[in-house]
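Here's the structure we're looking at; comments come further down.
Given the structure is predicted, the values throughout are model-derived calculations rather than measurements.
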Amino acid sequence: MKRYKLRIPTPDGKVETVIDDPENERHGLLLVAHPHPLHGGSMDNKVVTTLAKTANEAGWVTVRPNFRGVGMSEGSFDAGMGETEDLLAIARFVEKSYPDLSWVLAGFSFGAYVQHRLRQHLDAKRLILVAPAVTMYEFDPVPEDTVVIVGEEDELIPPAAIRLWATEHGLTVKGIPGAGHFFHGKLKELKQAFLEACPC
């Protein structure tokens with residue numbers, strides 16, 4: 001596997017991005033969005049890295065950016081609007097190197113909100129929302145094959161609210177018993193749920 005550490009140009013400045021390329025038998029591209037940047041979220045979040053590593057092991061090129069103002073990314077927090085523009089710019093940049101590969105989009109918490117917005121502008125084989133912050137942001141409808149992963153003991157986003165939103169949109173929900181918002185001690189179960197959700 002080869003790792004690239006880049007600062008990719010976006011509308012509001014350069015965004016720090018890590019790309020992990022399995023090099024052999026690439027199956028697709030996974031773009032992972034991290035939790036809220038004003039509350040410690042970054043591309044090194046353990047949920048984000050678990051999803052990326054899982055996809056890498058399955059032969060996918062993974063892309064993990066830091067949102068505006070995090071790490072070496074320029075700019076400042078824009079409540080999901082500018083972050084969506086940044087991810088679209090990053091996706092277009094990456095596609096130039098992998099023109100024959102299709103996208104899967106995954107986002108955790110605030111990152112799920114950004115990815116559901118990005119999906120309106122970027123074609124993808126699957127949208128995977130992990131602990132989506134549906135009680136903190138107004139989510140638009142998403143494709144019917146979107147998969148929602150929820151910790152059944154989520155202390156930040158009520159699991160019942162996530163399930164209600166998912167049910168209203170006819171989405172598949174994968175619940176992880178005993179898991180809180182950050183999936184402490186449940187990363188193995190998260191990995192399995194992600195593998196079942198991802199067309200990897």
Side-chain angles (χ1 to χ4, degrees), residues 1-4 17-35 43 45-65 84 87-134 139-152 162-163 165-177 179 183 186-200:
M1 185 179 77
K2 195 163 187 176
R3 171 167 289 183
Y4 302 92
T17 305
V18 170
I19 300 173
D20 288 316
D21 185 346
E23 297 188 283
N24 298 319
E25 295 186 24
R26 302 181 184 104
H27 298 306
L29 299 163
L30 174 73
L31 178 60
V32 191
H34 67 70
M43 65 179 175
N45 170 272
K46 67 182 180 181
V47 170
V48 171
T49 56
T50 294
L51 301 183
K53 182 179 180 183
T54 301
N56 266 140
E57 291 172 350
W60 284 60
V61 178
T62 60
V63 183
R64 291 182 292 129
T84 304
L87 291 196
L88 182 58
I90 289 167
R92 297 307 185 203
F93 178 92
V94 172
E95 285 172 346
K96 295 175 184 177
S97 297
Y98 306 97
D100 299 326
L101 300 183
S102 55
W103 285 104
V104 165
L105 307 179
F108 171 36
S109 195
F110 169 77
Y113 171 67
V114 177
Q115 291 287 46
H116 109 283
R117 297 187 77 251
L118 177 63
R119 180 62 183 84
Q120 298 169 14
H121 307 283
L122 181 68
D123 189 33
K125 289 178 68 175
R126 184 67 46 83
L127 174 63
I128 302 172
L129 306 178
V130 180
V134 296
F139 278 62
D140 297 318
V142 295
E144 292 182 357
D145 62 351
T146 297
V147 178
V148 178
I149 299 174
V150 56
E152 300 291 10
I162 296 176
R163 285 185 173 278
W165 176 80
T167 299
E168 288 174 345
H169 293 88
L171 309 180
T172 298
V173 179
K174 293 187 175 296
I176 299 180
F183 297 89
K186 297 292 181 179
L187 294 180
K188 182 178 179 181
E189 291 83 352
L190 174 63
K191 177 179 179 178
Q192 183 59 40
F194 176 72
L195 280 173
E196 294 171 0
C198 181
C200 294

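Judged by distance alone, the side chain of Arg117 and the main-chain N or O of Gln120 form no donor-acceptor pair under 3.5 Å. A donor-acceptor pair is defined here as one N or O able to donate and one able to accept, closer than 3.5 Å; no such pair exists between the side chain of His169 and the backbone of Ala166. Remark: side-chain polar atoms of Thr49 are paired, donor with acceptor, to backbone N or O of Asn45 under 3.5 angstrom. When atom types are taken as modelled, the side chain of Gln115 and the backbone of Leu105 share no donor-acceptor pair closer than 3.5 angstrom. Looking at Arg126, its side chain does come within 3.5 Å of a backbone N or O of Asp145 through a donor-acceptor pair.
With values rounded to the nearest 0.5 angstrom, Glu57 atom CD is found 8.5 Å from Leu195 atom CG. Interatomic distance, Arg26 CZ to Asn56 CG, rounded to the nearest 0.5 Å: 11.5 Å. Once rounded to the nearest 0.5 Å, the distance linking OG1 of Thr146 with CG of Leu129 reads 6.0 Å. From Leu122, atom CG reaches atom CH2 of Trp103 across 7.0 Å, with rounding to the nearest 0.5 Å. The NE2 atom of His34 sits 11.5 Å away from the CZ atom of Phe108 when rounded to the nearest 0.5 Å. Atom CG of Leu101 is separated from atom CD of Glu95 by 10.0 Å, given to the nearest 0.5 angstrom.
Considering only heavy atoms from C-beta on, Glu189 stays 4.5 Å or farther from Gln192 through its side chain. By the 4.5 Å heavy-atom criterion applied to side chains, Val18 and Met43 are counted as neighbours. Side chains of Val61 and Pro22 form a contact here, defined as non-hydrogen atoms less than 4.5 Å apart. Inter-residue side-chain proximity for Val63 and Leu30 is flagged as unmet; no heavy-atom pair is nearer than 4.5 Å. Proximity of Val130 to Ser109: side-chain heavy atoms (C-beta onward) are nowhere separated by under 4.5 Å. Annotation: side chain of Thr50 is not in contact with side chain of Phe194 (no heavy-atom distance under 4.5 Å). Under the 4.5 Å side-chain criterion, counting only non-hydrogen atoms from C-beta, Leu29 is not in contact with Leu31. Side-chain atoms of Val148 and Thr172, non-hydrogen and from C-beta on, never get closer than 4.5 Å to each other.
Residue Lys188 places its NZ atom among 12 or fewer non-hydrogen atoms of other residues, nucleotides or ligands, all under 6.0 Å distant. Applying the 6.0 Å contact sphere to CD of Glu168 captures more than 12 heavy atoms from other residues, nucleotides or ligands.
Nearest heavy atom pair, residue Pro132 against residue Ile149, reads CD-O, 4.2 Å. Residues Pro65 and Ile90 share a closest heavy-atom pair of CB-CD1, 3.6 Å. The shortest non-hydrogen separation linking Asp140 to Trp165 is O-CZ2, 4.0 Å. Heavy-atom minimum distance, Ala133 versus Phe139: O-CE1, 3.4 Å. For the pair Lys125 and Ser102, the tightest heavy-atom approach, listed with the atom from each and the gap, is CD-OG, 2.7 Å. Here the shortest heavy-atom pairing between Thr62 and Ala52 reads CG2-O, 3.3 Å.
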Query raised in the report: Step by step, would you call Val147 with Leu127 a side-chain contact (heavy atoms from CB on, under 4.5 Å)?
Result: CA-CA 7 Å; Val147 178; Leu127 174 63; over 6 Å; no
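One finds a salt bridge joining Arg163 and Glu152 here, because a Lys/Arg side-chain nitrogen approaches an Asp/Glu carboxylate oxygen to under 4.0 Å. For the pair Lys191 and Glu196, the salt-bridge criterion is not met [side-chain N within less than 4.0 Å of a carboxylate O]. Under 4.0 Å is where a charged nitrogen must lie from a carboxylate oxygen, and between Lys53 and Asp20 no such pair does.
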